[in-house]
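Heavy atoms only: backbone and side chains are in, while hydrogens, waters and symmetry mates are out.
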Amino acid sequence: MGRHGWTSGERRWRLTALLGVGAAVLALVVTLIGTLPGSGDTAGTSRDGDKVHGTPATPPHRADPSVGWGFTHTQFSADEGSGAATDRVAGLLADTAGLPQNQHIMGWGADNPEPVRGRYDFAALDRRIDFVRRSGGTPVLTLCCAPDWMKGGRAGVGGTDWSRSALETAPTPDHYDDFAALAATVAKRYPDVRHFIVWNEFKGFWNDRAGRWDYEGYTKLYNLVYAALKKIGKDIMVGGPYLVMDSVGPRQKENASTALRGPWGAMDQRVLDAFGYWNAHKKGADFVVVDGSTYTRDDDLLPDEFAATDKLTAVGRWVRQRTGGLPLWWAEYYVEPADGDDDRTGWSEPHRVAVQAAGLIAMVRGGASSGFYWNPQKEKGGGCAGCLWTTTDTPGGGRALPMYGLVSRFGRAFPPGTRYETVSVARDDVPNVRVLASARTVLVVNTLDRTVSALVDGRRFDMGAYEVKWLAR
């Protein structure tokens, strides 16, 4: 089966022309039956979806609600390609004691897990989980998206609609229980996965009539999934709501929060309302998940790309205050606006890494203990702005890129439970550097496109343009 993001190379089945009136009638009957849940082509599927797959890694005796800093697998990743290249990436990850690795159960590299009610196809997801195990990572699954028959579409292998609009459709309320049952099946299949995020960015949960998020619908789905997973094991960790923390320009009045704002802009009040409803009506949560960018909905970085990261700190503190200090995860975080193809290629790699480092520092200052970098790996070779490693389509691929160095080292240096310390920074350097320190490590980021001489933690050193420097203490 093909790998899927928003698009699919999967074959799409269709009825062939049939001769004779009887054959035409038969075709009509097949088509009608194929629209019913539980019917449709089941080739290659299995009824035993909850059968344990492979050899699960031994999970910790007690799962920690924080997993640390890692990345999300997207449509193309290191589970496929040249064996030499995929082994190289697995080795990179294993050498750094693994990283938390997030994967969606449908889309972004995973096929339709339940194309027909009660019939499962986990081949692609199995392959991703196998890679996480092989590379020594902590597996995390995002419970999104939903099979077509759960959202008004057609059941059947090969009939999945992989268009963006279809993938972003939520289950209909009468199928919330079915989706919760699928989540439970997934949890049984991969017993070493102890952390689950419920849904992605409220996809499909928009109330057009009211002009706001359908937070009642999402919260109902969340609670059903939460209960289903806790029946599998009370030590399973569940979190949400994975809302996009959108912001608008500081001069905009419509939908702009009057309470959560700063030089970077103002939060969209509709997002805060949705979060508030989920927080008040959730059955429970082991951690809280958000996602967002440092730029406004109009792609403005205010006052500049580095100062705009202060939004991540402000949002994190706001969330933590309202959730009683639940561990905070950033499922996605973006510091560079994308173009019309959702590519981020406008900055040099040193510039990109520096702003990403400032963003990580800002998330920690807001109380976050976990986060996932959205790895934009391409299918084939060539330039790959912001990727963690070169593509694995050739034997020479799978080599670490600068962003991998940042994400992996940040994860090692600042794991969950790190006690952060304040270090001295020369007054003249305060506007020009971002700093994060523990008892063992100091991370310093030069926010200027020129060389500076900085005095940090009692040591003076030169830093190149946009340099990211690690100091041992």
- Audit row: Thr142, Tyr242, side-chain hydrogen bond (donor to acceptor under 3.5 Å, both in side chains) steps and yes/no: CA-CA 10 Å; Thr142 294; Tyr242 201 154; 5.3 Å; no

- Task: Check the angle between the aromatic planes of Phe71 and His73 and answer parallel, tilted or perpendicular using the 30° and 60° thresholds.
- Result: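 Perpendicular, since the angle between the ring planes exceeds 60°.
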
- Query: What is the ring orientation for Tyr222 with Tyr226, classed by angle as parallel under 30°, tilted 30 to 60°, or perpendicular over 60°?
  - Reply: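 Tyr222 and Tyr226: parallel rings.
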
Heavy-atom donor-acceptor pair, [X] side chain to [Y] backbone, under 3.5 Å:
X      : Y      : answer
Asp393 : Lys380 : no
Thr86  : Gly81  : no
Ser370 : Gly68  : yes
Asn446 : Gly464 : yes
Trp329 : Phe372 : no
Lys151 : Ala166 : yes
Ser348 : His351 : yes
Arg261 : Ser247 : no
Asp87  : Gly91  : no
Gln103 : Leu125 : no

Could you list the residues that satisfy side chain to side chain contact (heavy atoms under 4.5 Å, CB included) with [X], not counting sequence neighbours?
X      : value
Thr313 : Arg317, Ala362, Arg365
Val193 : Ile129, Pro139, Leu141, Tyr190, Phe196
Thr185 : Asp50, Tyr120, Phe122
Glu467 : Met463, Lys469

- Report the C-alpha distance between Leu93 and Phe131 in whole Å, list the side-chain angles of each, state the deciding distance to 0.1 Å, and finish with yes or no for side chain to side chain contact (heavy atoms under 4.5 Å, CB included). CA-CA 10 Å; Leu93 294 166; Phe131 180 82; 3.8 Å; yes

[X]: what forms a salt bridge (charged side-chain N to carboxylate O under 4.0 Å, His left out) with it, not counting sequence neighbours?
X      : value
Glu305 : none
Lys378 : Asp343
Asp298 : none
Asp148 : none

Compare all side-chain heavy atoms of [X] with those of [Y] and state whether any distance is below 4.5 angstrom.
X      : Y      : value
Phe410 : Trp470 : yes
Val244 : Trp213 : no
Leu167 : Lys203 : no
Phe76  : Thr391 : no
Asn112 : Asp121 : no
Asp235 : Arg194 : yes
Ile361 : Val445 : yes
Leu182 : Pro113 : yes

- Item | Test applied, salt bridge (charged side-chain N to carboxylate O under 4.0 Å, His left out); reference residue, Asp126; option that passes from Arg133, Arg189, Lys51 |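 Considering Arg133, Arg189, Lys51, a salt bridge (charged side-chain N to carboxylate O under 4.0 Å, His left out) with Asp126 is found only for Arg189.
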
- Message: In this structure, is the centre-to-centre distance between the rings of Phe202 and Trp278 below 6.0 Å?
- Response: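 No: the rings miss the under 6.0 Å criterion.
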
Could you tell me whether the side chains of [X] and [Y] share a donor-acceptor contact shorter than 3.5 Å?
X      : Y      : value
Tyr404 : Thr96  : yes
Asp286 : His195 : no
Ser77  : Asp79  : no

- Message: Under the criterion side chain to side chain contact (heavy atoms under 4.5 Å, CB included), I'd like the reasoning laid out for Leu272 against Met245: C-alpha separation, chi angles, the key distance, then a yes or no.
- Response: CA-CA 8 Å; Leu272 303 185; Met245 306 304 281; 4.1 Å; yes

- Between Tyr333 and Tyr373, is a side chain to side chain contact (heavy atoms under 4.5 Å, CB included) present by the stated rule, with each step listed? CA-CA 7 Å; Tyr333 49 91; Tyr373 179 75; 3.4 Å; yes

I'd like to know if [X] and [Y] make a salt bridge, using a cut-off of under 4.0 Å between side-chain N and carboxylate O.
X      : Y      : result
Asp246 : Arg297 : yes
Arg127 : Asp130 : no
Arg344 : Asp342 : yes

Separation between [atom1] of [X] and [atom2] of [Y], rounded to the nearest 0.5 Å:
X      : Y      : atom1 : atom2 : value
Arg47  : Thr42  : CZ    : OG1   : 8.0 Å
Arg88  : Ser82  : CZ    : OG    : 7.5 Å
Asp299 : Thr296 : CG    : OG1   : 6.5 Å
Thr294 : Asp300 : OG1   : CG    : 11.0 Å

- Message: My understanding is that only residues two or more places apart in sequence, or in another chain, count here; which of them pass ring pair (Phe, Tyr, Trp, His ring centres under 6.0 Å) with Phe179?
- Response: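 By the ring pair (Phe, Tyr, Trp, His ring centres under 6.0 Å) rule, Phe179 matches Trp199.
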
- Item | CA sep, side-chain torsions, deciding dist, call: Lys188, Ile232, side chain to side chain contact (heavy atoms under 4.5 Å, CB included) | CA-CA 7 Å; Lys188 291 177 182 178; Ile232 304 302; 3.2 Å; yes

Return all side-chain donor-acceptor pairs below 3.5 angstrom for residues 414-424, not counting sequence neighbours, or 'none' if the list is empty.
| unit_1 | atom_1 | unit_2 | atom_2 | d |
| --- | --- | --- | --- | --- |
| Thr418 | OG1 | Pro415 | O | 2.5 |
| Glu421 | OE1 | Arg473 | NH1 | 2.8 |

Show me the donor-acceptor pairs within less than 3.5 Å that the side chains of residues 426-438 make with the rest of the protein, sequence neighbours left out.
| unit_1 | atom_1 | unit_2 | atom_2 | d |
| --- | --- | --- | --- | --- |
| Asp429 | OD2 | Leu455 | N | 2.7 |
| Arg434 | NH1 | Thr309 | OG1 | 3.4 |
| Arg434 | NH1 | Asp310 | OD1 | 3.2 |
| Arg434 | NH2 | Phe306 | O | 3.4 |
| Ser438 | OG | Arg440 | N | 3.3 |
| Ser438 | OG | Thr441 | N | 3.2 |

- Query: Quick one: disulfide (SG to SG under 2.5 Å) partners of Cys384, sequence neighbours excluded?
  - Reply: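 So Cys384 forms a disulfide (SG to SG under 2.5 Å) with Cys387.
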
